[in-house]
Amino acid sequence: MESVPSWTNARARLARAAQLGDQEAEERARCDLKAARAEDYIRRLVETAPPLRPEAVERLRALLFSPATADQEQEDAPDAA
């Protein structure tokens, strides 16, 4: 029996926010759903992929931790104050 995909909770929150007309919650849920689906896809891909050579690992690391990603993380982080 297959387990429930990890992104189904985020999809349910998106549907509920849309029903309630809560645009802020809907936007947050939409972002969470995209992230959860990407995480699920990457997890399944890694589970089935052969071992990567160090060069491939570095290319993927650069892609996942690009400056645009780092900028977004800083915007999302709570203030240190």
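Predicted, not measured: the structure shown is a model, and the values here were computed from it.
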So which pairs with a foot in residues 43-55 pass salt bridge (charged side-chain N to carboxylate O under 4.0 Å, His left out), sequence neighbours left out? Glu39-Arg43, Asp40-Arg44, Arg53-Glu55
Taking all heavy atoms of Arg11 and all of Leu33, pick out the closest pair and write down the distance. N-CD1, 3.9 Å
Closest approach of Glu26 to Ala18 (non-hydrogen atoms, all atoms of both residues): OE1-CA, 3.7 Å
Cluster companions of Val57 among Ile, Leu, Val, Met, Phe, Trp, Tyr (side-chain spacing under 4.5 Å): Leu52, Leu60
Mind checking the CG-CG spacing from Asp32 to Leu14? Nearest 0.5 Å is all I need. 9.5 Å
What I'd like to find out is whether the side chain of Cys31 reaches to under 4.5 Å of the side chain of Glu27, using heavy atoms alone. yes
Residue Gln23 excluded, over 12 heavy atoms near CD under 6.0 Å: no
Could you go step by step and tell me if Arg59 and Leu63 meet the side-chain contact (heavy atoms from CB on, under 4.5 Å) rule? CA-CA 6 Å; Arg59 284 195 311 271; Leu63 178 67; over 6 Å; no
